[in-house]
There are 4 protein chains.
Amino acid sequence: MTTDLNQLAVRLQDFASARDWERFHTPKNLVMALAGEIGELVAEFQWLTPEESTSLEPATFDRVRSELGDVTTYLVRLADLLGIDLVGAANAKLDESERRYDADLYRGSARKAPPLTS
Amino acid sequence: MTTDLNQLAVRLQDFASARDWERFHTPKNLVMALAGEIGELVAEFQWLTPEESTSLEPATFDRVRSELGDVTTYLVRLADLLGIDLVGAANAKLDESERRYDADLYRGSARKAPPLTS
Amino acid sequence: MTTDLNQLAVRLQDFASARDWERFHTPKNLVMALAGEIGELVAEFQWLTPEESTSLEPATFDRVRSELGDVTTYLVRLADLLGIDLVGAANAKLDESERRYDADLYRGSARKAPPLTS
Amino acid sequence: MTTDLNQLAVRLQDFASARDWERFHTPKNLVMALAGEIGELVAEFQWLTPEESTSLEPATFDRVRSELGDVTTYLVRLADLLGIDLVGAANAKLDESERRYDADLYRGSARKAPPLTS
């Protein structure tokens, strides 16, 4: 993981340890906590048009930033406990996607559901 | 964002641009893509006991690593488009949590639902 | 629950019992299974415009119907184990919403995020 | 759909119509609202052990019932707009599952991830 993600992971270790909360932090539980936070993030966008979602009102932006902070927190804590490098895992998936979705072939196509990854 | 997260964000910009897929990447759509990937991650853990989730079988571990790569990909792409620093947002939430959940008060308590953030 | 939902609940009891899978069906696990199926449903809609989502292509429609079947299955199994009447719970929430969101007040307002429930 | 689910669907039509909120109720938006409510449901269970989840404390039970009401509300509204019979879709998936997972073969097996559906 990058330096900053590592620092965040260590901060989360200390936070949990200082409160004796490590016993709650099984990967199963943390995956659920992550899913709960994603639900809050989705709720911020549910009634917005796609266009509105590209230029959020200030109050919405602040709540979205806060939710993204929560999501990042649980994601980094989970990855730390599992021993998984998030950025490494993302780059590995992108290597695959670049092979699978040839740029010349897909550029300008009417294909409806282009993933970043698969 | 950290150097590595920034590099990942730039790689995702280039990936989308080369395929003319930027028009699909509204924040609303990316939040949905992120929620979809989280669903796949949750499915990997749904029948495991908490104990089993702490020591994954190799095949499960590989799928979980792959799903975490997908989650990270969409999270970083979303944050990049919104102009939000994920690690900064996470640290801001942790500053709040450290104030709210006093370590001496919570240590060893029987409190059932200790969050990392709120 | 309605007769049909009750019949579905009984069918799911028999299905689990015949395979000795009841031990996997804790509420915690079933909530995760439900979240996983919702993730698959969200993925079907992630790149569609709101307009496209109102008139699905036949192949997409079939996959959405199948995902809604999965969602209903886990939702009914979960509610059955918890002893919760889904339709009764929904009507109770709507009673609240009708009090909270006065029709004359909200009709035609520019309010951006109207919930069905809260 | 069963009579009760049909009655709930009609009540939701009237609720949305009386407030001029139908324009917000695209399938894409309703899928997101459903995912948001599932996130709140998951959050109720995230720190519970599987055993604790089988006998909820009264306050937790009430919140879970309320969340299941919200989930049912959005699920029925979505299915109504798409013209999909939820119970019919669930039974169709169970027909498949009964063929796929032979009871004699799976009974008592050590298989780790038995789905209700696939």
Side-chain angles (χ1 to χ4, degrees), chain B residues 12 15-54 56-57 59-61 63-82 112-115, chain C residues 12-13 15-54 56-57 59-60 63-82 112-115:
Chain B
L12 290 168
F15 184 88
S17 170
R19 286 157 189 79
D20 198 18
W21 287 352
E22 287 145 324
R23 66 203 147 115
F24 295 109
H25 288 183
T26 62
K28 185 179 177 91
N29 287 3
L30 289 167
V31 163
M32 294 183 82
L34 180 57
E37 296 297 343
I38 291 287
E40 294 188 47
L41 181 68
V42 170
E44 292 295 336
F45 287 92
Q46 64 195 13
W47 306 122
L48 302 183
T49 64
E51 295 69 36
E52 288 168 340
S53 81
T54 64
L56 300 176
E57 293 178 5
T60 307
F61 181 87
R63 288 196 305 273
V64 166
R65 183 175 184 273
S66 173
E67 297 303 342
L68 285 177
D70 291 341
V71 167
T72 302
T73 295
Y74 284 114
L75 181 62
V76 168
R77 179 73 174 143
L78 173 65
D80 184 40
L81 283 169
L82 292 171
K112 285 290 176 43
Chain C
L12 291 168
Q13 288 167 15
F15 184 89
S17 170
R19 286 157 189 80
D20 199 18
W21 287 352
E22 287 145 324
R23 65 205 146 112
F24 294 110
H25 289 184
T26 63
K28 185 180 177 92
N29 287 4
L30 289 167
V31 163
M32 295 183 82
L34 181 56
E37 296 296 343
I38 291 286
E40 293 188 48
L41 181 68
V42 171
E44 291 295 335
F45 287 90
Q46 65 196 13
W47 307 121
L48 302 183
T49 64
E51 294 71 34
E52 288 168 339
S53 82
T54 65
L56 300 176
E57 293 178 4
T60 308
R63 288 196 305 274
V64 166
R65 182 174 184 272
S66 174
E67 296 303 342
L68 285 177
D70 292 342
V71 167
T72 302
T73 296
Y74 284 114
L75 181 61
V76 168
R77 179 72 174 145
L78 173 65
D80 184 42
L81 283 169
L82 292 170
K112 285 291 177 41

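We name chains A, B, ... by the order of the sequence lines, and we start the count at 1 in each one.
Residue C/K28 holds its NZ atom at 11.0 Å from OG1 of B/T49, rounded to the nearest 0.5 Å. Atom CD in C/Q46 sits 11.5 Å away from atom CZ in B/F24 (nearest 0.5 Å).
Contact record, B/V42 with C/G36: CG1-N, 4.4 Å, taken as the closest heavy-atom pair. Across all their heavy atoms, C/N29 and B/L48 have their closest contact at OD1-O, 4.3 Å.
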